[in-house]
Enquirer: 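Can you read through this structure? Questions will come right after.
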Amino acid sequence: MHQELEVGLIATLATTGEVQTASADIPIATSATSELIDVTDRIGSVVTDAGIVEGLALISAPHTTCAVIVNEAEPGFLEDFRRALDAIAPQGHDYAHNDAPHAEEFEAPNGYAHVRAAFLSSHSVLLPVRNGKLALGRWQRIFFVELDRARPRTCQVTLVGRAG
């Protein structure tokens with residue numbers, strides 16, 4: 001049902017269907033520092049499989065040295081973004097965090113990755129789901145960003161909305 005609001009906008013009101021939730025973990029094997037992995041299609045499949053037609057999709061990285069961003073999958077942007085990360089926090093510099101205790105082999109000194117993550121401040125993105133699909137702009141894609149080194153990672157998807 002459509003309703004015109006006082007400000008002249010058209011709102012779609014869901015008058016049927018229960019609010020449902022769904023979640024999924026998407027395994028990701030990163031291969032390099034500053035790697036951007038396009039996860040748009042995999043997240044779109046989660047939305048489709050869940051049957052949510054109107055709602056929200058929260059896409060998150062449960063890692064302090066990863067990020068989730070939305071941008072273009074244009075090669076020039078990908079290269080520019082990698083260069084910007086290197087300029088913000090170069091991997092070879094000395095960081096106080098590098099002196100933190102690292103009990104696990106994969107937890108080698110990684111101060112640069114934590115600084116990059118703090119500047120990005122984007123461990124998750126919240127996107128609308130409309131008509132059973134992620135409501136992205138024409139060129140928008142969802143990227144999982146590795147800010148540290150290659151290793152197994154997880155991208156979490158949580159959906160809330162009305163099922164069709």
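Numbers here simply count residues along the sequence, with the first being 1.
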Enquirer: Do you know which two heavy atoms are closest between Ser60 and Ser124, and how far apart they sit?
Expert: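 Where Ser60 meets Ser124 most closely, the heavy atoms are CB-CB, 3.5 Å.
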Enquirer: For residues 129-138, tabulate all N or O donor-acceptor pairs below 3.5 Å that involve a side-chain atom, not counting sequence neighbours.
Expert:
none

Enquirer: Search all heavy atoms of Ile37 against all heavy atoms of Ala29 and return the closest pair with its distance.
Expert: CD1-O, 4.5 Å
Enquirer: Keeping the roles fixed (side chain from His123, backbone from Cys66), state whether a donor-acceptor pair exists under 3.5 Å.
Expert: yes
Enquirer: Under a 4.0 Å threshold between the charged nitrogen and the carboxylate oxygen, would Asp86 count as salt-bridged to Arg116?
Expert: yes
Enquirer: Is there a side-chain contact between Thr65 and Arg149 (heavy atoms, below 4.5 Å)?
Expert: no
Enquirer: Between Leu159 and Val68, is there shared hydrophobic-cluster membership here, with clusters defined by ILVMFWY side-chain heavy atoms closer than 4.5 Å?
Expert: yes
Enquirer: Side chain to side chain contact (heavy atoms under 4.5 Å, CB included) between Asp148 and Arg153: does it pass, once the steps are laid out?
Expert: CA-CA 11 Å; Asp148 198 357; Arg153 298 292 201 169; 3.9 Å; yes
Enquirer: Please report the interatomic distance CD(Glu146) to OG(Ser31), rounded to the nearest 0.5 Å.
Expert: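 Glu146 atom CD to Ser31 atom OG measures 9.0 Å (nearest 0.5 Å).
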Enquirer: If hydrophobic clusters are built from ILVMFWY residues whose side chains come within less than 4.5 Å, do Leu127 and Val47 share one?
Expert: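 The answer is yes; both residues are in one hydrophobic cluster.
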Enquirer: Would you say that Ile59 contacts Cys155 through its side chain, given a criterion of any heavy-atom pair below 4.5 Å between the two side chains?
Expert: yes
Enquirer: Under 3.5 Å, side chain of His63 to main-chain N/O of Thr154, donor-acceptor pair present?
Expert: yes
Enquirer: Scan the side chains in residues 69-77 for donor-acceptor partners under 3.5 Å anywhere in the protein, sequence neighbours excluded, and list what turns up.
Expert:
from  : atom 1 : to    : atom 2 : distance (Å)
Glu74 : OE1    : Gly76 : N      : 3.0
Glu74 : OE1    : Phe77 : N      : 2.7
Glu74 : OE2    : Gly76 : N      : 3.0

Enquirer: About how many Å separate OH of Tyr112 and OG of Ser34, when rounded to the nearest 0.5 Å?
Expert: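 It is 7.5 Å, given to the nearest 0.5 Å.
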Enquirer: Going by heavy atoms in the side chains, are Phe144 and Ile43 under 4.5 Å from each other?
Expert: no
Enquirer: Could you state the interatomic distance from CZ (Phe81) to CG (Leu120), rounded to the nearest 0.5 Å?
Expert: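 Here the rounded value is 4.5 Å.
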Enquirer: Could you grab the distance from atom CG of Asn98 to atom NE2 of His114, nearest 0.5 Å is fine?
Expert: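 It comes to 9.0 Å.
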Enquirer: Out of the candidates Val157, Val46, Ile142, only one should pair with Val39 under the side chain to side chain contact (heavy atoms under 4.5 Å, CB included) rule; please name it.
Expert: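 Among Val157, Val46, Ile142, the one meeting side chain to side chain contact (heavy atoms under 4.5 Å, CB included) with Val39 is Ile142.
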Enquirer: Got a sec, which residues hit side-chain hydrogen bond (donor to acceptor under 3.5 Å, both in side chains) with Thr33, two or more places apart in sequence or on another chain?
Expert: none
Enquirer: Test your reading of the model: is there a side-chain donor-acceptor pair from Thr21 to the backbone of Val160, 3.5 Å cut-off?
Expert: no
Enquirer: Would a distance-only check, ignoring hydrogens and angles, find a side-chain to backbone donor-acceptor pair under 3.5 Å from Arg141 to Thr40?
Expert: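 Side chain of Arg141 to backbone of Thr40, a donor-acceptor pair under 3.5 Å: no, none is there.
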Enquirer: Please examine the side chains of Leu56 and Leu58, heavy atoms only from C-beta on, and report whether any two atoms are closer than 4.5 Å.
Expert: no
